[in-house]
Protein chains: 2
Amino acid sequence: MKDITKHSKIITAATKVFAKKGFFNARISDIAKEAKVADGTIYLYFNNKYDILISVFEEEIGKIVAQIKKTLSEETDPRKMLEIYATKHLLTMKKNKNLAEVIQIELRQTNKLIKDYRNNKFIEYTDLVADIISLGQKQNIYRRDIEPGIAKRFFFGALDEVSRVWNTSLEGHYTVEQISEQLLKIFLSGILLPDNINT
Amino acid sequence: MKDITKHSKIITAATKVFAKKGFFNARISDIAKEAKVADGTIYLYFNNKYDILISVFEEEIGKIVAQIKKTLSEETDPRKMLEIYATKHLLTMKKNKNLAEVIQIELRQTNKLIKDYRNNKFIEYTDLVADIISLGQKQNIYRRDIEPGIAKRFFFGALDEVSRVWNTSLEGHYTVEQISEQLLKIFLSGILLPDNINT
DNA sequence: AGTAAATGAATGAATGGCCATTCATTGTAT
DNA sequence: ATACAATGAATGGCCATTCATTCATTTACT
């Protein structure tokens, strides 16, 4: 009988190896060794190397989406909702740097490699931001001259770039809370001093 | 005598090929064919495949940095300066989608691959944003409780994410000006309606 | 000027190493 | 004893890099 734990052991190992070496420099034998499994065993659970990458991506992003959706469902204030999203994102990526790196790489390369793979989970993930903004607009809390479809890119992009440099330049300097606070400050109220808003 | 134009012909070809296939799937012979040059010729101008990648990156980013610095030097209002930066970035990436893709990939993989390569040009590029913010703070135009070192990540990340999806989801929907305007709106004044700022 | 060496750029076929994938064999549980 | 999971050595294809050779241009000599 196929071992369900073996599947996830391979996923975890692959996440680690992909993060460390990048997809193309990761060898199947590296993943096998990390998962304490024979090379051939991997092919009992996955079709090929890309399949592992996509599985890592979909499964891990899927978990985050589910978690965030659950947390958001207990909140109604769109301001708080953005804060929850930002903090959750940063905490997750900080806790799981391997995953953060896989997302970085995967996102930028898979579309090119596998035309028919649409990053569904990921789209769902970023669309959460657009949904929150739309909600806030309906409630007259957010400005209506903001396009949710553009703003979601800004919000995710900002978080993602912070995750990217987490290891190198931000580590030790700032906490997740500080960064999240700064992002919310800017995103909600901007960087202008009130005096200068209409000059 | 070595042909100076051949060097740049290879750079251009490599940018194209890297963008289309990604660094790892790009073959030297692809680049050679694109540049209308023999495979071996490439090694008269570059040490190896990574060297081509780094050269593409440094040269192209270097050009942009020089251009933006020049344009910014003619402007003193920090608000306008951010606008110039955003618009210039988006225009450049839209005009040169190949470059945009190379930057995306390069930025996320090179540090892992080549430990002693520090992306100097790129650091210079993003630091421009931090400098503009600091300047605005000195002039009492920008809030002092914003960390330029974090805010620059947000600003660049937002622009970069927009560039990433330019081909797929934004093409045809929005102009550079619209996106730049939206980013400035948010970055300068936030998405909150004035009524809700202190609720 | 005309011809012959010399220099070095350009070529692309051949090499060699790497590594995803396969599959014959072995292990194990029922 | 059967069925299926697991193994890992062997295979085969790919492709960065090399280098012996060709080609083109410049220099030197009569």
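Just so it is clear: chains get the letters A, B, ... in the order the sequence lines come, proteins before strands, and each one is counted from 1. Any value given below was found using the heavy atoms of this structure, including those in side chains, with hydrogens, waters and symmetry copies removed.
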Q: Take the protein atom CG of Asn48(A) and the nucleotide atom P of dT21(C), then report the distance between them rounded to whole Å.
A: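 Going from Asn48(A) (CG) to dT21(C) (P), I get 5 Å.
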
Q: Is the cationic atom of Lys121(B) (NZ for Lys, CZ for Arg) positioned less than 6.0 Å from the six-membered ring centroid of Phe57(B) and within 45 degrees of its normal?
A: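 No cation-pi geometry.
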
Q: Write down the protein N/O and nucleotide N/O pairs, taken from nucleotides 11-17 of chain C, whose separation is under 3.5 Å; answer none if there are no such pairs.
A:
from, atom 1, to, atom 2, distance (Å)
dT11(C), OP2, Ala38(B), N, 2.8
dT11(C), OP2, Thr41(B), OG1, 2.4
dG12(C), N7, Gly40(B), N, 3.2

Q: Check whether any side-chain nitrogen or oxygen of Tyr43(A) sits under 4.0 Å from OP1 or OP2 of dA6(D), and answer yes or no.
A: no

Q: My understanding is that only residues two or more places apart in sequence, or in another chain, count here; which of them pass salt bridge (charged side-chain N to carboxylate O under 4.0 Å, His left out) with Lys69(B)?
A: Glu124(B)

Q: Quick test of your reading: applying side-chain hydrogen bond (donor to acceptor under 3.5 Å, both in side chains), list the pairs with at least one residue in residues 31-44 of chain A, sequence neighbours left out, ordered by first then second residue.
A: Lys16(A)-Glu34(A)

Q: Rounded to the nearest Å, what distance is computed from the CZ atom of residue Phe24(A) to the P atom of nucleotide dA20(C)?
A: 11 Å

Q: For Ser55(A), check side chain to side chain contact (heavy atoms under 4.5 Å, CB included) against everything at least two apart and list the hits.
A: Ile11(A), Phe46(A), Asp51(A)

Q: Output all residues satisfying salt bridge (charged side-chain N to carboxylate O under 4.0 Å, His left out) with Asp160(B), sequence neighbours left out; order by chain, then residue number.
A: Arg108(B)

Q: With respect to the phosphate group of dA20(C), does any side-chain polar atom (N or O) of Tyr50(A) fall under 4.0 Å of OP1 or OP2?
A: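 For dA20(C), OP1/OP2 do not have a side-chain N/O of Tyr50(A) under 4.0 Å.
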
Q: Identify, with sequence neighbours excluded, every residue that meets salt bridge (charged side-chain N to carboxylate O under 4.0 Å, His left out) alongside Asp131(B).
A: none

Q: Quickly work out the Lys49(B) NZ to dC15(D) P distance and round it to whole Å.
A: 9 Å

Q: Measure the distance from CG on Asn25(A) to P on dC19(C) and round it to the nearest whole Å.
A: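 My rounded result for the distance is 8 Å.
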
Q: To the nearest 0.5 Å, tell me how far Arg27(B) CZ sits from Asn25(B) CG.
A: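 Reported to 0.5 Å precision, the distance equals 9.0 Å.
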
Q: Return a single string for nucleotides 24-30 of chain C, one symbol per nucleotide in 5' to 3' order, where B is base contact, S is sugar-phosphate-only contact and - is none, cutoff 4.0 angstrom on heavy atoms.
A: -------

Q: Quickly work out the Phe46(B) CZ to dT17(D) P distance and round it to whole Å.
A: 13 Å

Q: Nearest-Å distance, CG (Asn47(A)) to C1' (dT22(C))?
A: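 Distance check: Asn47(A) CG to dT22(C) C1' gives 14 Å.
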
Q: Pairs in or reaching into residues 135-151 of chain B: which pass salt bridge (Lys or Arg N to Asp or Glu O under 4.0 Å), with residues at least two apart or in two chains?
A: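 Only Lys185(A)-Asp145(B), Arg143(B)-Asp145(B) qualify under salt bridge (Lys or Arg N to Asp or Glu O under 4.0 Å).
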
Q: In whole Å, what is the span from the OH atom of Tyr45(B) to the C1' atom of dT17(D)?
A: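 Spelled out: OH on Tyr45(B) to C1' on dT17(D) is 18 Å.
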
Q: Rounded to whole angstrom units, what separation is found between the CD1 atom of Ile31(B) and the P atom of dT17(D)?
A: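 Value for this atom pair: 10 Å.
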
Q: Side chain to side chain contact (heavy atoms under 4.5 Å, CB included) with Gln67(B): which residues, sequence neighbours excluded?
A: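 Gln67(B): side chain to side chain contact (heavy atoms under 4.5 Å, CB included) contacts with Lys88(B).
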
